S.K.: 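My questions all concern the structure below.
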Number of protein chains: 2
Amino acid sequence: MKKTCAHHHHEKKQELASLTGRLRRESRKITGPRAAILEILRHHPHPLTNKEIFAELPKGECDLVTIYRAMQMLEKLGMVKRFDFGDGTARFELVGEGDDGHHHHLICTRCTGVVEIDECFPEEIERRIARANRFTGVTHRLEFFGVCPDCQK
Amino acid sequence: MKKTCAHHHHEKKQELASLTGRLRRESRKITGPRAAILEILRHHPHPLTNKEIFAELPKGECDLVTIYRAMQMLEKLGMVKRFDFGDGTARFELVGEGDDGHHHHLICTRCTGVVEIDECFPEEIERRIARANRFTGVTHRLEFFGVCPDCQK
DNA sequence: AAATCAGTTGCAAATGGTTTGCAATTAAAA
DNA sequence: TTTTAATTGCAAACCATTTGCAACTGATTT
C-alpha cells in the first residue's frame with residue numbers, strides 16, 4: 001500500500017495504443033468519441049472538467065453525456081483519476097499503467113491556474129491517524145489553494 | 001498567519017448569546033429560524049449538511065432555502081466553516097470566536113461516520129510548496145477517508 | 001464478407017444540491 | 001409606534017451529473 005506521490009506528471013505521455021489496449025482488454029469498444037477523449041487527455045498535463053474536454057473536441061464529435069459516461073468508465077478501470085477542487089465540478093487526469101494517480105495540486109484562487117505538487121501528506125502521520133482511530137485503508141484528499149505569481153500583481 | 005489545527009472541537013460549546021451578539025454587531029437580525037439553526041449547530045460536534053439541519057428543525061420551523069441563506073451568511077461572517085467531503089454536499093460546523101475553524105476529518109467510506117482530527121499538514125512543507133511556486137496566502141483542504149472499526153466487521 | 005450481439009451513443013428528461021426573484025413579513029432602530 | 005432595512009417563503013431557475021430508451025456500431029463469429 002505504498003503511496004507514490006512524486007513525479008507522476010513527469011512521466012512521458014502514454015501511447016494511445018497502450019490506452020486503447022487497456023480498453024480492449026476490458027472488452028470495451030474503441031469508438032470515435034473515446035479515442036478523441038483519450039487524445040485530449042493525453043495532451044493535457046492538468047485535470048480537465050468534462051466541459052473543458054467537450055470544448056476541446058471538434059464540435060459535434062460527441063455529446064457531453066458521452067463524455068460523462070466515458071469518464072465514469074475510465075475511472076472505474078483506473079485509467080483516469082478524479083479530482084475535486086471544491087468548486088462543484090469534477091476534473092480528470094489520465095493515470096499511467098500501474099500507477100494509482102495519487103497526487104495533489106496547488107490552485108490559484110484568482111485565475112484557477114493549477115500546478116501539480118510532488119509533496120504528499122507524510123505517511124507516518126497518516127498511519128498514526130489511522131491507528132489512533134482504528135481505521136483501515138486510510139487515504140486522503142488534499143489540495144492547496146493560494147494566489148499565483150501573476151495574480152499577485 | 002499561524003495555523004491552529006488542534007483541539008477546536010474540544011473547546012466548550014459557545015454560548016448562544018455570544019453567537020447572537022456576533023450577528024447583532026453585523027446588523028443582522030436574530031430571527032426564529034436563525035436562533036434555531038445556531039442552537040442545532042451548537043449542539044452538534046460534527047459538520048452538518050443543510051438537509052440534516054433542516055431535519056433536526058421542528059417541522060415547519062423554517063424553509064430549506066432559509067437554511068441555505070443562513071449558512072451563506074454565517075460563512076461570510078466567519079461563524080461557520082464549510083467542509084467538502086467530496087460527495088457533492090456542503091457541510092457546516094460552528095467556529096469559535098477568533099478561530100478560523102481550520103481542521104480536518106477522518107470519514108468512514110462505508111457509513112459516512114466522521115471523526116475530527118487534530119493533525120494538520122506540516123507547516124514547513126506547506127511553506128516550501130508556496131515558496132517553490134511563488135504562491136502567496138497558501139492554505140489547504142484535507143480530508144482522510146477509510147473504514148471505521150464498526151464497518152470493518 | 002455478412003450476420004450477430006454486447007457495448008455505445010444521442011437525445012430528452014430526471015435528479016439533486018444550491019441559488020435567485022419577488023412580494024409579503026418582521027426585527028430592531030428611531 | 002412608526003419607519004426601514006433585513007429576512008422569509010414559495011416558485012422557479014441553475015448547474016453538474018445521471019438515467020431511460022431506442023437507434024447504432026465495433027468486434028467477434030460464422
Side-chain angles (χ1 to χ4, degrees), chain A residues 16-17 19-40 47-77 79-92 112, chain B residues 16-17 19-40 47-77 79-92 112:
Chain A
L16 188 57
L19 293 170
T20 56
R22 287 212 251 169
L23 285 184
R24 223 182 307 276
R25 243 172 283 143
E26 302 275 351
S27 59
R28 266 29 209 261
K29 297 180 181 172
I30 321 294
T31 62
R34 288 182 179 174
I37 291 169
L38 289 173
E39 258 320 278
I40 289 171
L48 293 176
T49 66
N50 284 339
K51 273 217 184 126
E52 287 168 342
I53 295 174
F54 186 61
E56 297 276 328
L57 243 28
K59 62 274 165 211
E61 168 67 50
C62 89
D63 197 273
L64 220 207
V65 179
T66 300
I67 300 182
Y68 274 95
R69 284 194 267 233
M71 302 317 289
Q72 261 182 186
M73 188 261 289
L74 292 172
E75 187 186 17
K76 190 171 329 174
L77 299 195
M79 293 177 57
V80 300
K81 174 130 179 100
R82 177 190 299 258
F83 289 98
D84 177 3
F85 290 179
D87 66 347
T89 315
R91 275 156 230 265
F92 300 89
T112 69
Chain B
L16 189 58
L19 293 169
T20 57
R22 288 212 251 168
L23 286 183
R24 225 182 307 276
R25 246 173 280 142
E26 303 273 350
S27 59
R28 264 32 210 262
K29 295 180 181 173
I30 321 294
T31 62
R34 289 181 180 174
I37 292 170
L38 289 173
E39 258 320 279
I40 289 172
L48 293 177
T49 65
N50 284 340
K51 271 216 183 129
E52 287 168 343
I53 295 173
F54 186 61
E56 297 277 327
L57 242 29
K59 62 279 169 204
E61 168 66 51
C62 89
D63 198 274
L64 221 207
V65 180
T66 300
I67 299 182
Y68 274 95
R69 285 196 268 236
M71 301 318 287
Q72 261 182 188
M73 187 263 285
L74 292 173
E75 187 186 18
K76 189 169 333 173
L77 300 194
M79 292 177 59
V80 300
K81 175 132 179 98
R82 175 191 300 258
F83 289 98
D84 177 3
F85 289 179
D87 66 347
T89 316
R91 274 155 231 266
F92 300 90
T112 70

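Throughout, protein chains are lettered first and strands after them, A, B, ... in sequence-line order, and every chain is numbered starting at 1. Everything numeric in this text was worked out from a predicted model, so none of it was measured.
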S.K.: Can you measure B:Ile67 atom CD1 to D:dT7 atom P for me and round it to whole angstrom units?
M.R.: 16 Å
S.K.: Below 4.0 angstrom from OP1 or OP2 of D:dT17, is there any side-chain N or O of A:Gln72?
M.R.: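 For A:Gln72, the contact criterion (side-chain N or O under 4.0 Å from OP1 or OP2 of D:dT17) is not met.
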S.K.: Is B:Leu74 close to B:Leu38 at the side-chain level, that is, under 4.5 Å between some pair of heavy atoms?
M.R.: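 Of all side-chain heavy-atom pairs linking B:Leu74 with B:Leu38, at least one is under 4.5 Å.
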S.K.: Just checking A:Arg69: base, sugar-phosphate only, or nothing, at a heavy-atom cut-off of under 4.0 Å?
M.R.: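 Base: the residue A:Arg69, judged by heavy atoms under 4.0 Å, touches a nucleobase.
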S.K.: Of all nucleotides in DNA chain C that come within under 4.0 Å of a heavy atom of chain B, which is furthest toward the 5' end and which toward the 3' end?
M.R.: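 Contact boundaries, 5' end first: C:dG17 to C:dA28.
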S.K.: For A:Ala90, answer base if it contacts any base atom (sugar-phosphate contacts may also be present), sugar-phosphate if it contacts only those atoms, and nothing otherwise; contact means non-hydrogen atoms under 4.0 Å.
M.R.: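 It contacts sugar-phosphate atoms only.
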S.K.: I need the minimum non-hydrogen distance between A:Glu56 and A:Ile40, along with the two atoms involved.
M.R.: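 Taking every non-hydrogen atom into account, CB-CD1, 3.5 Å.
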S.K.: Whole angstroms only, please: what is the CE-P distance between A:Met71 and D:dT18?
M.R.: 12 Å
S.K.: Measure NZ/A:Lys51 against P/D:dC14 and give the value in whole Å, please.
M.R.: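 To the nearest whole Å, that distance equals 13 Å.
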S.K.: Are side-chain heavy atoms of A:Leu57 and A:Ile67 found at a separation under 4.5 Å?
M.R.: yes
S.K.: Taking side chain to side chain donor-acceptor pair (under 3.5 Å) as the cut-off, I'd like each qualifying pair that reaches into residues 58-75 of chain B, sequence neighbours left out, listed once.
M.R.: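 Qualifying pairs: B:Glu75-B:Arg82.
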S.K.: Please encode protein proximity along nucleotides 25-30 of chain D as a string of B, S and -, counting only heavy-atom distances under 4.0 Å.
M.R.: BBS---
S.K.: More 5' along DNA chain C: A:Val65 or A:Ala70, using each one's nearest nucleotide?
M.R.: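 The residue whose closest nucleotide sits nearer the 5' end is A:Ala70.
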S.K.: Tell me the interatomic distance from A:Phe54, atom CZ, to D:dC15, atom C1', rounded to whole angstroms.
M.R.: 15 Å
S.K.: About how many Å separate CZ of A:Arg25 and OG1 of A:Thr20, when rounded to the nearest 0.5 Å?
M.R.: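 So the gap between those two atoms works out to 9.0 Å.
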S.K.: CG of A:Asn50 versus P of D:dC15: gap in Å, rounded?
M.R.: 16 Å
S.K.: Send over the distance from B:Leu57 CG to D:dT8 P, rounded to a whole Å.
M.R.: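 Checked: the CG to P distance equals 11 Å.
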S.K.: Looking only at heavy atoms, what is the nearest atom pair of A:Ile37 and A:Ala70, with distance?
M.R.: CD1-CB, 3.7 Å
S.K.: Categorize A:Glu61 for me: base, sugar-phosphate, or nothing, with a 4.0 angstrom heavy-atom threshold over every strand shown.
M.R.: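 If one applies the 4.0 Å heavy-atom cut-off, A:Glu61 turns out to touch the sugar-phosphate alone, with no base involved.
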S.K.: Please check: side-chain N/O of A:Arg34 versus main-chain N/O of A:Lys29, any donor-acceptor pairing under 3.5 Å?
M.R.: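 Yes: the side chain of A:Arg34 pairs with the backbone of A:Lys29.
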S.K.: Please give me the minimum heavy-atom distance between A:Pro47 and A:Phe83, naming the atom from each residue.
M.R.: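 Smallest heavy-atom distance, with atoms named: CG-CD1, 4.2 Å.
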S.K.: Do the side chain of B:Glu26 and the main chain of B:Leu23 share a donor and acceptor less than 3.5 angstrom apart?
M.R.: no
